[in-house]
Amino acid sequence: MIVWLASYPKSGNTWVRIFISTLLYSSEKTKVDINKQHLKQFPNRSNFKNLTNNFLNLDEIAKNYISAQDIINLEKGIKFYKTHSANWKNFDKNYYFTNYENSLGVIHIVRDPRNVITSILDYYNKENYQEALNFLIDRGKVVGGTKHESGVPTILLSWADHYNSWKVFKKNYLLIKYENLLTDPVNEFLKITDFLGSIVKFKFEEKEILELIENCKFEKFSNQEDNHGFIDNSSTNKSLRKKFFKLGPNNNWEKLLDSQIRVKIEKTFENEMKELQYL
């Protein structure tokens, strides 16, 4: 069965992924290496290699999502997968991102879209904030799946549609807000370990958890990237020598975002932002 680490891009998924990967799979449960991660990303071409050769065709990939997860779950045990995909459904074609037969639960990580936009601007190399906003509000947004990548098309939808698609997941659901990871990391990461203990019966030593939280601070990730690079950075940004761990807590919309873009975000995503207490 799969436990999903689900988030819209640039919302803290990598942070949580490194924490869980180190805690569950590292021989030294408090020593963090950002380039030695055991949690894979879904979708990836490797998941579809026995199902199709047409990795760039969205319809071909979409119809095989469940089959790919069925294959993953032929191997018994709990698997953790990072995903930026929305929990989308195409009722007309009977296509789904996932189902409860394949999924044990989800850790759903969200971030204020007024801060997400700056990271989208930088990571996806947009020309300006308006282009980045167009990315966030695109209700049919798909990323990935080019001949230069190992991935396949990933259906994001808009920031709001993405959030709404996962919040209705009814089986072992945990919501984590990026902002709380910044302001109260001990409490938030303990929520995650308590959640894992409840659904998969893992037992953790509190001393190890607290030490790991300390070693998962943004500045330590950033220093490791300076010294050793980060293998999960995009190939484009590696070629441009742009860091993955760049702004972190310094990404503050109140200082970086102009009022016109801010107002557009707040109007477009008003309901969701109020629900999440961002407004």
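Keep in mind that the numbers below use all heavy atoms, side chains included, and drop hydrogens, waters and symmetry copies.
- No side-chain donor-acceptor contact under 3.5 Å links Thr52 and Asn54.
- Under the ring-ring contact (aromatic ring centres under 6.0 Å, His included) criterion, Phe169 pairs with Tyr100, Trp166, sequence neighbours left out.
- For the side chain to side chain contact (heavy atoms under 4.5 Å, CB included) test with Val110, the passing option among Lys177, Lys167, Glu272 is Lys177; the others fail.
- For the ring-ring contact (aromatic ring centres under 6.0 Å, His included) test, no residue two or more places apart in sequence or in another chain qualifies with Tyr81.
- Taking the six-membered ring for Trp and thresholds of 30 and 60 degrees, Trp4 and Phe97 have ring planes inclined between 30 and 60 degrees apart.
- Remark: Glu270 engages Lys274 in a salt bridge, criterion side-chain N to carboxylate O under 4.0 Å.
- A side chain to side chain contact (heavy atoms under 4.5 Å, CB included) with Ile192 is found for exactly one of Leu23, Ile20, Ile209, namely Ile20.
- Checked by atom type, the side-chain pair Thr14/Lys82 shows a donor-acceptor distance below 3.5 Å.
- Counting only N and O atoms by type, the side chains of Asn102 and Asn99 include a donor and acceptor under 3.5 Å apart.
- Taking the ring-ring contact (aromatic ring centres under 6.0 Å, His included) definition, one finds that Tyr163 meets it with His108, sequence neighbours left out.
- Phe135 and Tyr124 have tilted rings, their planes meeting at an angle from 30° to 60° on a 0 to 90° scale.
- In summary, the side chains of Glu275 and Asn271 do not present any donor paired with an acceptor at a separation below 3.5 Å, with no hydrogens or angles considered.
- The minimum heavy-atom distance between Phe80 and Tyr25, with the atom names listed, is CD1-OH, 3.4 Å.
- Checked options Trp159, Tyr278, Tyr8; the residue passing with Phe269 is Trp159 (criterion: ring-ring contact (aromatic ring centres under 6.0 Å, His included)).
- Contact check on Arg114 versus Glu266 returns a salt bridge, with a Lys/Arg side-chain nitrogen under 4.0 Å from an Asp/Glu carboxylate oxygen.
- Every residue was checked against the ring-ring contact (aromatic ring centres under 6.0 Å, His included) condition with Phe204, not counting sequence neighbours, and none meets it.
- Across Leu39, Thr22, Ile109, a single residue satisfies side chain to side chain contact (heavy atoms under 4.5 Å, CB included) together with Arg17, and that is Leu39.
- Of all heavy-atom pairs between Asp59 and Asn57, the closest is N-OD1, 3.1 Å.
- Pro43 approaches Phe48 most closely through the heavy-atom pair CB-CE1, 3.7 Å.
- Among all heavy-atom pairs drawn from Val186 and Ile213, the shortest one is CA-CD1, 3.8 Å.
- Residue pairs satisfying the salt bridge (Lys or Arg N to Asp or Glu O under 4.0 Å) criterion with at least one member in residues 179-197, sequence neighbours excluded, are listed as follows: Glu188-Lys191.
- Under a 4.5 Å side-chain heavy-atom criterion applied to ILVMFWY residues, the cluster that includes Tyr96 comprises Ile66, Phe91 as well.
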